[in-house]
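Have a look at the structure below, then the notes.
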Amino acid sequence: MIDPRILRDDPDRVRAAQAKRGLSDAVVDTALAADAARRAAIGEFEAKRAQQKQLGKQIPQAQGEEKQALLAQTKTLAAEVKAAEAAQGEAEEAWRAALLSIPNLADEQTPAGGEDDFVVLETVGTPRDFAAEGFEPRDHVELGRLLGAIDLDRGAKVSGSRFYFLTGVGAELELALVNLAMEQAREVGFTQVIAPSMVKPRAMDGTGFLGQAADDVYRIEGQDMYLVGTSEVPMAAYHSDEILDGASLPLRYAAFSPCFRKEAGSHGKDTKGIIRVHWFDKVEMFVFTTPEEAVAEHQRLLEWEKMFLDKLELAYQVIDVAAGDLGLSAIRKFDCEAWIPTQGKYRELTSTSNCTEFQTRRLDTRARYAAGAAAGEGSGGSGGSTGSGTEVGPVATLNGTLCAMTRTIVAILETHQQADGSVRVPKALQKWMGREVLEPLEPARG
RNA sequence: GGAGGCGUCGCAUAGUGGCCUAGUGCGCCCGCCUGCUAAGCGGGUUGAGGGUUGAACCCUCUCGCGGGUUCAAAUCCCGCCGCCUCCGCCA
């Protein structure tokens, strides 16, 4: 949810942000009208309620006829209060609904436009030139079969399309990646978390996934619960309804969880292999910090993502995602796209978003800060006790992929394959894999 | 799944229809006193929203959540949620 104050004070800013995403600004006027109606309704209810309380106080002291008169008077008033309260409730609800329909205001630096209007910020490493090396690269499906690492046939048999079993070195590879990711996370100061992958509607809605992304979300039949598409969801809700200690920020979590996605509307895309699947495991970085620090923290998350990809010795580019392709909650998003040799293009491996206060406002997470942190306080003069100590203020959230297992496995297998079908293990993973090369089970298997 | 109990301010507790503008203790903050520390003394200490663009001030809501009864609800009634204990089942 965006800041209601910005809507009221600077609606043109909201209109501009809507335009940048390619959305209508009609919601702005709807929301402004709802805000006015809401405030009028609040005024009416409160006036009636105050009157009721005033009269109510007189009743215990009153006697006889006077008391009867008061009772009659206050009885009709009670009905009016009830009606005014209901009207206020409806006005609040309409206002809230209007506000909730507005996505976070895209950052000034975010490129305008849709999916194809991203800006390439940086290219790291050089894609391998297999032609120069003199052999045709195998895709990850074939490599996975040769190594006994990925079993797609049985995935389909047991669970359907877009499912897989990781077996042997495939399973080892995932566990090694989890370990490497968690090791890095710990070293840079994250708290490791194993997060639930089923959540209540509050968490799903609070992170903005029941908006335009609702089609991609699995709902549990007969229960008011959802399977998460990322541990961003449980982690954003982790501190819901809490007031954090401002001095404890930033709170950095690295959460492991399975991720479930319907992939509705992607029929025909990436049908082969494990690029696009209904379930995968992921280590996600999630940070609670101050609004002032959010932009700098976003850069740090990007650096940690790059650090991880560097350890895997992958070639990749970093893109600045355009406004129309941002999620509901984000003001800016950077994707790291690794080079996939057999596709001849860069594919998204990681993604980091700055959601500012959008999610915490929905989920009611705030922090207690030292007073006057943002206000001017150098007024001098009287040395009286002005500093009231602390004040409650907003908290920003950011998320970033550390390692999404399946796509990372694809990139590693394809990038580090050798002519004989074996795959070189990146140095950083060797410690966890216990070997330097993954060998095919049999030269001619399959 | 069955039975019972409990949810009050950061924590602990009091409160069984109007005297609750929720008391007390602890913790915390400010001040006084004080070689230092401790003790002692005085004051403060939930959050949200509205009146206002900010401050002061005023008002409304907030005793797990949502309904209801009543002129009036922390208090009575109903539903839900969470926690605890016991039984059953189970990785």
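Chain A is the first sequence line, chain B the second, and so forth, proteins listed ahead of strands; every chain is numbered from 1.
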For this session: May I ask you to say what A:L71 touches in the nucleic acid, namely base, sugar-phosphate or nothing, with a heavy-atom cut-off under 4.0 Å?
Result: base
For this session: Using a 4.0 Å heavy-atom cut-off across all strands, classify A:Q52 as base, sugar-phosphate, or nothing.
Result: sugar-phosphate
Seminar exercise, completed: Between CD of A:E85 and P of B:C61 the distance, given in whole Å, is 9 Å
Exercise. Are any of A:R368's side-chain N or O atoms less than 4.0 Å away from OP1 or OP2 of B:G10?
Worked result: no
Exercise. Reading nucleotides 74-80 of chain B 5' to 3', which nucleotides get B (base under 4.0 Å from a protein heavy atom), which S (sugar-phosphate only), which -?
Worked result: -------
Problem set entry | Between B:G18 (C1') and A:Q58 (CD): distance, integer Å | 13 Å
For this session: Side chain of A:R8 only, please: which of B:C71, B:G50, B:C61 is the nearest?
Result: B:G50
Seminar exercise, completed: Taken to the nearest whole Å, CG/A:D245 to P/B:C28 is 15 Å
Exercise. Mind checking who B:C11 pairs with, Watson-Crick or G-U wobble, both distances under 3.5 Å?
Worked result: B:G25
Problem set entry | Short side-chain N/O contact from A:R39 to OP1 or OP2 of B:G51, under 4.0 Å | yes
For this session: State whether A:R5 places a side-chain N or O below 4.0 Å from either non-bridging phosphate oxygen (OP1 or OP2) of B:U53.
Result: no
Problem set entry | Assigned partner base of B:A74, Watson-Crick or wobble definition, under 3.5 Å | none
Seminar exercise, completed: From the list A:R366, A:R202, A:R362, salt bridge (charged side-chain N to carboxylate O under 4.0 Å, His left out) with A:D241 holds only for A:R202
For this session: Spell out yes or no: do the side chain of A:E92 and the base of B:G49 have one donor N/O and one acceptor N/O closer than 3.5 Å?
Result: no
Exercise. Base, sugar-phosphate, or nothing for A:K82, non-hydrogen atoms under 4.0 angstrom?
Worked result: sugar-phosphate
For this session: Pick base, sugar-phosphate or nothing for A:G56, based on heavy-atom distances below 4.0 Å to the nucleic acid.
Result: base
